[in-house]
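Everything on this sheet refers to the single structure shown next.
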Amino acid sequence: MADEEKKGPSKKDLKKLAKKAEKDAAKAAAKAGKGGGGAAAAAGGNNNNNNGGAAPTAAKKPKASNPVYRLANVPTSGTSDSCTLKACMASILYGNPLLPGGSAASDLPFVHGPALLYGDATSVSPVVAFGGNGIIKALALVSNTEEGKCTMTPAMDDWLEYERSELRPALNSGNGKKFEMALAKVAVALEGHGGTSVVVGSETLTAADLAITLTLLHHENAASALSNNASIQAYVDITKNSPVYAQAKKLASKLLPPASFDPSDPSLLKASSAIFATAISSAFPSAISLGIEIKAFKCKDIKHGDFQCNVAMPLFQKLKASGALPSGVNTPQQVAQKIIDAVEGGEDNNPVLCDLTVNGPGFIMSRVKASFLESGVNDILKNGAPTKPKCTNFNSSNVVVDFSSPNIAKEMHVGHLRSTIIGEAVCRILEYTGSDVKRLNHVGDWGTQFGMLIQYLKEEYPEFHQNIPNITNLTVFYKNAKSRFDESPEFKKISQLNVVKLQAGDEECKKIWQVLCDVSRKEFEKVYKRLDISVEECGESFYNDKISPVIDEFNERGLVSVEEGGAKCVFVPKYKVPLMLQKSDGGYGYDSTDMAAIKYRLDTLKANQIVYITDFTQGDHFQMVFAAAKKIGWVNDDSHRLDHIGFGTVQGEDGKRFKTRSGDTVRLVDLLDEAVARMEASLKERRTDGKANISDDEVHATASAMGYGAVKYFDLRRNPTSNYIFSYDRMLDTKGNTAIYLLYAHARLESIVTKGKADHGVDIDALIKDGKSKIVLAHKSERNLGLHLQFFADSIEETLEDLFPYHICDFVYALSIAASEFITQCKVLGSPEMESRLLLCRATAITMRQCFDLLGIRHVMRI
């Protein structure tokens, strides 16, 4: 908030601003043929105010030709910049829409940071206000809304001055005592106005409240002090939880200046968008002020181009409506041609695009230059890996991923497959992009069922003290215990007493419970080892002693509703049914544990992103947990991200839940081993037919990599929210979008490289090591493969948006098809281009291996 930390203008500066605004407005009005003075009015304020840059004149609605308000000089941190957010919230509250203003130069030295412009959208407009408080004031004074008309009172002016001259300096100083003294004034005012505002007795967001709360929300020194001041934290939360605040953040993102081309960013999409944005700003300087979103899109049909820009048609309509079409431009196609001319004319700023053409009503089609693709592909060889994206979306440093979550004393079954596979892939992707990931296994190791399990183990294995029982089938063990519980009243009564004893810390019950946990972990590990899963157990029991303090905290904040029977509940927006923190009998359930867990993860583990991966039926539950965490103030939308990935059902060929023929749930370890057994049989058959390039000793390891990989990829390649039919035949198919096809494609590329060295003496490893490797993309299929390789960064960025691994599956499948086309259409071995083409094979194999690793699939070099 650097723009907000500087001193506001003096009275002399304000007079200069007012005179300049009046002069500029008069010129604009004369040019439009109408009476002027409007811009000065928009800047209007109180002569006694020194709160930012609202000029001290009467507040009359400006008159100009198609007048609009624009916010210029928005910093790249706009969505978290307090000055920008003050302007955006005031715009929404007082009914004065804001458009982007680009960069606005001013000859007034005290004008810095975001500035409010007023006038014709297509011409240069004067600065009428600057600084967060000055812009709030200006927009309030010219408002047609009741909130705006009643806003600017002397008391409001005083509070704006307090925020500028006392609160901000106290925060900037880092001096805790100064900050406490500054806050004391706010606390007294809140007490006199019901705790919701410093000037009115309601939750109406006034100009003063906006200025104060947004500064407290976004200043880096405020958070720690607010944590010990409940009344002011609650006051700040009113703004933070306001729909207007969420709308303001979205508006701020739209006011950001278009990103310029960054040669260090490997994203083709961002590079193309930046090139078009620069060209459009050059050809039509008013485009940004017209609210046009400038963005390139990947062409759906590669025959027409690599990227396209669709801005010409909406831009033409807006230029025409505002009477600002340049001479000689009468159609959207002509707008498109001017943009193309600007792209081609700015050759020094355009190392990316070529072959630009106008298609249809004004679509601009383009190709990526081969030289740009060659540079990116050669970087893969130089670095031994595809270039990582420079992620600009939510980038978390500490992430907790909650996945797998089987139940103690039960076998892992097909229902745990999706959470385990998806969770592992999500962790790998987040770790790859720089996050510190905590992988947590929220096992079901607590609850009433342990009473019967404890009793059954005592009866069946009376010597468990000396010999740990060898329970090889947990499903059978659990079923037998449940049968005894249902059939024997005496067994049931003892089991219920065991629950009480366990929760009270009875040593024998705890020991048996620990035995059950240890036996279960061994069974879980069989699955995790097969699938290369790494996860740390942190089950329900871990949070037992953390639940009561959480309930106390909700209670102290006045957020607990005691329902009939004494149940302690928390209601959250959009849901009629509450979260139950404590049952009427004093017990705890899933709601209790999950609220304690999210508190622990946020506070103790310092997570700023938490990802839960469960079946889709738990979606509402987790949205309520997230809403409750926001309601109590544990979560800040600016610094936290909470995700729930809800997956669909694994089905049998009959479209119902996948089960054995007897109707039992399929054990996951058996399902995985069957995939390997089938793959092993296939490889042995290929060896018999002379079609395999591996020895007998390598068959099992290769079959394991391919079989487990096939199960994983068959799940990961689809949107997790969808159901799918489990089919060994389809997942083990050597054709189509399967792991088997991809692994064969990868092995084929490495086989070509191996033959290049063995049969032609071209050692590409030596070339790469000596820095003599160079790929040239001359043939159209070479260029197409180079283009697909460069899509890697965009696929990773797309994945980070929703955390769905299928984006990477789509990428690597499309890459393998492009590679197949390349080696089919271009002779590699023995050709004049052999060296370059072998290197292209290796660059493709490197990128495929990176994708396999992100998906948790073991690659094989030979099959």
Side-chain angles (χ1 to χ4, degrees), residues 74 76 100 102-103 253-254 256-302 304-316 318-319 326 329 332-360 362-379 387 389-393 777 783-784 786-798:
V74 175
T76 54
S103 297
S253 67
K254 294 178 181 178
L256 292 172
S260 57
F261 171 64
D262 180 358
S264 68
D265 191 330
S267 167
L268 283 180
L269 184 60
K270 286 193 280 190
S272 301
S273 295
I275 298 296
F276 279 120
T278 300
I280 291 166
S281 296
S282 172
F284 303 97
S286 62
I288 188 172
S289 297
L290 292 171
I292 298 289
E293 182 181 15
I294 302 172
K295 188 177 181 182
F297 297 90
K298 190 176 170 184
C299 290
K300 291 183 179 179
D301 190 341
I302 205 166
H304 300 306
D306 301 331
F307 288 92
Q308 67 186 65
C309 178
N310 304 337
V311 78
M313 291 164 285
L315 178 56
F316 170 79
K318 293 206 172 188
L319 287 170
V329 175
Q333 291 94 333
Q334 290 172 330
V335 169
Q337 188 57 53
K338 279 188 72 70
I339 295 171
I340 289 175
D341 293 343
V343 172
E344 294 175 339
E347 190 67 25
D348 293 341
N349 298 317
N350 173 30
V352 184
L353 300 179
C354 64
D355 299 338
L356 289 94
T357 58
V358 180
N359 194 340
F363 300 114
I364 303 173
M365 318 305 290
S366 65
R367 297 283 183 193
V368 179
K369 292 179 179 180
S371 58
F372 188 77
L373 295 175
E374 287 170 356
S375 175
V377 174
N378 280 301
D379 279 345
T387 306
K390 292 178 69 173
C391 303
T392 54
N393 56 359
L777 305 175
R783 184 199 167 282
N784 182 52
L787 176 68
H788 278 80
L789 284 167
Q790 285 299 95
F791 284 146
F792 175 78
D794 286 315
S795 75
I796 297 298
E797 293 219 30
E798 189 176 14

Euclidean distance, [Y] [atom2] relative to [X] [atom1], rounded to 0.5 Å:
| X | Y | atom1 | atom2 | result |
| --- | --- | --- | --- | --- |
| L787 | L777 | CG | CG | 10.0 Å |
| N359 | T357 | CG | OG1 | 6.0 Å |
| F261 | T278 | CZ | OG1 | 10.0 Å |
| N310 | I294 | CG | CD1 | 12.5 Å |
| D341 | Q334 | CG | CD | 11.0 Å |
| L353 | M365 | CG | CE | 12.0 Å |

Within a strict 4.5 Å, meaning less than it, do heavy atoms of the [X] and [Y] side chains meet?
| X | Y | value |
| --- | --- | --- |
| K369 | V352 | no |
| S366 | F276 | yes |
| Q308 | I364 | no |
| P100 | K254 | no |

Original post:
Partners of S267 by side-chain hydrogen bond (donor to acceptor under 3.5 Å, both in side chains), sequence neighbours excluded?
Top reply: D794

Subject >> Residues forming a side-chain hydrogen bond (donor to acceptor under 3.5 Å, both in side chains) with E374, sequence neighbours excluded >> reply: none

**OP:** Could you tell me whether K270 and E797 have a side-chain N and a carboxylate O separated by less than 4.0 Å?
**Re:** yes

**OP:** Determine, for R367 against D306, whether the closest basic-nitrogen to carboxylate-oxygen distance falls under 4.0 angstrom.
**Re:** yes

Subject >> Residues that F792 engages under ring pair (Phe, Tyr, Trp, His ring centres under 6.0 Å), provided they are two or more places apart >> reply: F811

Subject >> Member of L356, V343, I280 meeting the side chain to side chain contact (heavy atoms under 4.5 Å, CB included) criterion with I275 >> reply: V343

Subject >> Atom of A342, atom of A279 and distance for their closest heavy-atom approach >> reply: CB-O, 3.4 Å

Original post:
A274 and A259: which non-hydrogen atoms are nearest, and at how many Å?
Top reply: CB-O, 3.4 Å

Subject >> Worked verdict on V368 versus Q790 for side chain to side chain contact (heavy atoms under 4.5 Å, CB included) >> reply: CA-CA 10 Å; V368 179; Q790 285 299 95; over 6 Å; no

Subject >> Any donor-acceptor pair under 3.5 Å from S272 side chain to L268 backbone >> reply: yes

Original post:
On the ring face of F307, is K298 found with NZ or CZ under 6.0 Å from the centre and within 45° of the axis?
Top reply: no

Original post:
What residues form a salt bridge (charged side-chain N to carboxylate O under 4.0 Å, His left out) with D355, not counting sequence neighbours?
Top reply: none

Subject >> Sequence-distant partners of K295, side-chain contact (heavy atoms from CB on, under 4.5 Å), two or more places apart >> reply: S273, E293, F297

Subject >> Residue list, side-chain contact (heavy atoms from CB on, under 4.5 Å) with A793, at least two apart or on another chain >> reply: P266, P389

